[in-house]
Each structure stands twice: as C-alpha cells, then as structure tokens.
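In what follows, a single structure is set out as structure tokens and then discussed.
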Amino acid sequence: MNIDAYAPELLCSLFRYDAETGRLFHAVDRVGTNKRIYVNAGELADTATDSAGYRRVSVRIDGKTHMLYAHRVAFIIANGGIPVGMQTDHINGIRDDNRLINLRAVTPQENQHNYRKAKGYSRHSCSGKWEAYIRVDGVRRHLGLFATEAAARSAYLKAKRRYHPSTPADLLMAA
C-alpha cells in the first residue's frame with residue numbers, strides 16, 4: 001500500500017498548526033508497537049532542523065519513517081494542499097519561519113528569484129569591468145559592462161524588479 005506522506009487528510013490528523021507562531025504540534029499521542037507513548041499530543045512536532053536550516057517533522061507510515069519539511073506540512077494544513085507544479089516559499093528567506101504570513105505557493109522559477117546569495121553581477125575577466133546579468137526563463141541576459149560595482153548592481157536590481165516581480169521588496173534592497 002502506497003500512502004502519500006504529504007496527504008492533507010493524514011497531516012491534519014497527525015498535526016495541529018499555529019499560523020501565528022508557525023509551529024507544528026502533535027495532534028495525537030505517538031504510540032510505539034510496544035504500546036509505549038513516545039510523544040504526547042500537544043507537544044512540539046517540528047523540533048528537528050536539517051543542515052540547510054529547514055524545520056522537519058517525522059511521520060511513521062507502514063513501519064517506515066518519513067522526515068517531512070515543516071513549511072510544506074504547515075502550508076498543506078492551512079490551505080488544503082500545494083497546487084500541482086508549485087513549491088512552498090519562505091517570503092522573508094528565513095527557513096525556519098513557518099508563520100502563514102511568510103509562506104506562499106510559487107513556481108520553481110519564482111522560488112529561485114529570491115535566492116539570497118545571487119547578486120547578478122561580477123568582475124568581467126576580459127575587460128576588467130563589472131558585468132551585470134540576469135536569468136529570464138532559463139536564459140542568461142547580459143545587462144551591460146560597467147565601470148563600477150555599484151553601477152552593475154544598480155542595473156541588476158532594476159532588471160530584477162522588471163523580470164522577477166515576485167521577488168520580495170526587502171531582497172531588492174539587500175541584493
């Protein structure tokens with residue numbers, strides 16, 4: 001029997017979500033095969049964090065443990081599911097901030113738009129100037145060569161506002 005670990009009915013039966021704090025709690029006691037209670041209902045469920053900083057919850061189905069992303073579980077409980085082809089995104093970029101106001105459904109491409117380390121400009125090795133560029137629909141677009149890093153950054157931010165409208169405003173200031 002193949003059960004989807006992210007099935008809304010399953011998640012709603014196992015967890016309670018506090019949309020204001022972004023935390024997940026166990027809805028029922030977790031009882032082992034030996035009848036021992038391992039976790040009581042009402043205890044925090046999203047206490048594990050992976051190496052990338054995302055909160056995780058554990059679900060045991062048919063004797064197999066699944067580690068699920070807490071932000072996906074929270075979004076599914078709050079909205080009944082994640083639309084097909086979409087991903088759950090943290091608007092402010094803080095990976096363990098799972099408050100409902102910080103989660104949104106985006107396309108994979110939109111999710112890449114707020115990648116915090118991308119800056120869209122670099123030193124052009126041949127000319128010694130600063131080159132600005134941006135990816136649009138998977139194609140890298142050249143925005144020009146500039147005498148200063150600040151000018152290249154400005155060109156990139158202007159293009160980012162135009163081509164990546166789903167980018168959070170705070171990222172456009174910090175990028």
Side-chain angles (χ1 to χ4, degrees), residues 1-120 134-135 137-138 157 160-161 163-175:
M1 179 166 161
N2 189 7
I3 297 176
D4 178 16
Y6 283 106
E9 310 80 36
L10 174 65
L11 297 177
C12 287
S13 71
L14 296 175
F15 303 105
R16 295 290 171 255
Y17 173 58
D18 183 343
E20 288 185 30
T21 64
R23 300 303 299 266
L24 289 163
F25 299 87
H26 290 282
V28 295
D29 292 342
R30 286 186 68 177
V31 181
T33 56
N34 60 358
K35 308 291 188 225
R36 178 177 169 222
I37 295 176
Y38 287 94
V39 177
N40 292 312
E43 289 183 18
L44 278 173
D46 60 356
T47 57
T49 305
D50 70 7
S51 61
Y54 292 102
R55 290 189 185 278
R56 305 291 290 260
V57 295
S58 174
V59 175
R60 194 160 179 83
I61 303 170
D62 294 334
K64 184 175 181 189
T65 301
H66 302 269
M67 292 301 290
L68 308 179
Y69 286 104
H71 62 282
R72 292 180 185 170
V73 172
F75 192 88
I76 290 168
I77 290 173
N79 297 293
I82 300 172
V84 175
M86 304 291 269
Q87 297 177 347
T88 305
D89 175 49
H90 292 90
I91 296 169
N92 67 7
I94 300 172
R95 295 174 175 172
D96 67 349
D97 181 359
N98 295 327
R99 294 172 299 139
L100 190 56
I101 61 169
N102 188 44
L103 300 176
R104 63 181 175 170
V106 295
T107 64
Q109 185 177 22
E110 288 173 324
N111 203 5
Q112 292 297 312
H113 292 174
N114 63 356
Y115 182 61
R116 295 306 203 244
K117 293 181 182 175
K119 60 180 181 176
I134 192 166
R135 284 205 176 273
D137 297 326
L157 292 176
K160 190 152 183 72
R161 281 185 203 93
Y163 294 114
H164 301 167
S166 65
T167 302
D170 70 317
L171 180 60
L172 291 173
M173 301 304 174

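If you read the sequence from its start, that first residue is 1, and numbering goes on from there.
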Check step by step if side chain to side chain contact (heavy atoms under 4.5 Å, CB included) holds for I61 and L10.
-> CA-CA 10 Å; I61 303 170; L10 174 65; 3.6 Å; yes
Taking all non-hydrogen atoms of both residues, which atom of [X] and which atom of [Y] are closest, and how far apart?
X    : Y    : answer
R104 : V106 : NE-CG1, 3.5 Å
G53  : R95  : O-CB, 3.5 Å
N98  : A74  : O-CB, 4.4 Å
A5   : L68  : O-CD1, 3.5 Å

Considering only distance and modelled atom types, tabulate donor-acceptor pairs under 3.5 Å from the side chains of residues 79-88, sequence neighbours left out.
residue, atom, partner, partner atom, Å
N79, ND2, F75, O, 3.2
Q87, OE1, N111, ND2, 2.6

Residues that [X] engages under salt bridge (charged side-chain N to carboxylate O under 4.0 Å, His left out), provided they are two or more places apart:
X   : value
D97 : R99
D29 : none
R72 : none
R23 : D46

For the atom pair CD1 (I77) and CG (L100), what is the distance rounded to the nearest 0.5 Å?
-> 11.0 Å
Say you draw a straight line from CD1 of I91 to CG of N102; how long is it, rounded to the nearest 0.5 Å?
-> 5.5 Å
In chain order, what residues pass the side chain to side chain donor-acceptor pair (under 3.5 Å) check against [X], with sequence neighbours excluded?
X   : result
T21 : D18
Y6  : none
R60 : T65
S13 : none

For the pair R30 and I37, evaluate side chain to side chain contact (heavy atoms under 4.5 Å, CB included) and give the outcome as yes or no after the intermediate values.
-> CA-CA 6 Å; R30 286 186 68 177; I37 295 176; over 6 Å; no
Across all chains, not counting sequence neighbours, the side chain to side chain contact (heavy atoms under 4.5 Å, CB included) partners of D50 are A52, Y54, R56, Y69
Contacts of N34 that satisfy side chain to side chain contact (heavy atoms under 4.5 Å, CB included) - sequence neighbours left out | R36, Y38
Test log, rule side-chain hydrogen bond (donor to acceptor under 3.5 Å, both in side chains), inputs D96 and H71 = CA-CA 8 Å; D96 67 349; H71 62 282; over 6 Å; no
Any I134 side-chain heavy atom under 4.5 Å of H164 side chain |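 Side-chain contact under 4.5 Å: yes.
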For the residue pair V73 and L24, establish whether any side-chain heavy-atom pair is separated by less than 4.5 Å.
->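 Contact flag for V73/L24 side chains = yes.
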Sorted by first residue and then second, give each ring pair (Phe, Tyr, Trp, His ring centres under 6.0 Å) pair with at least one member in residues 16-36; sequence neighbours left out.
->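 Only F15-H26 qualify under ring pair (Phe, Tyr, Trp, His ring centres under 6.0 Å).
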Step-by-step side chain to side chain contact (heavy atoms under 4.5 Å, CB included) determination, Q109 to D137 | CA-CA 8 Å; Q109 185 177 22; D137 297 326; 3.5 Å; yes
Verify side chain to side chain contact (heavy atoms under 4.5 Å, CB included) between L103 and D89, making sure each step is shown before the conclusion.
-> CA-CA 6 Å; L103 300 176; D89 175 49; over 6 Å; no
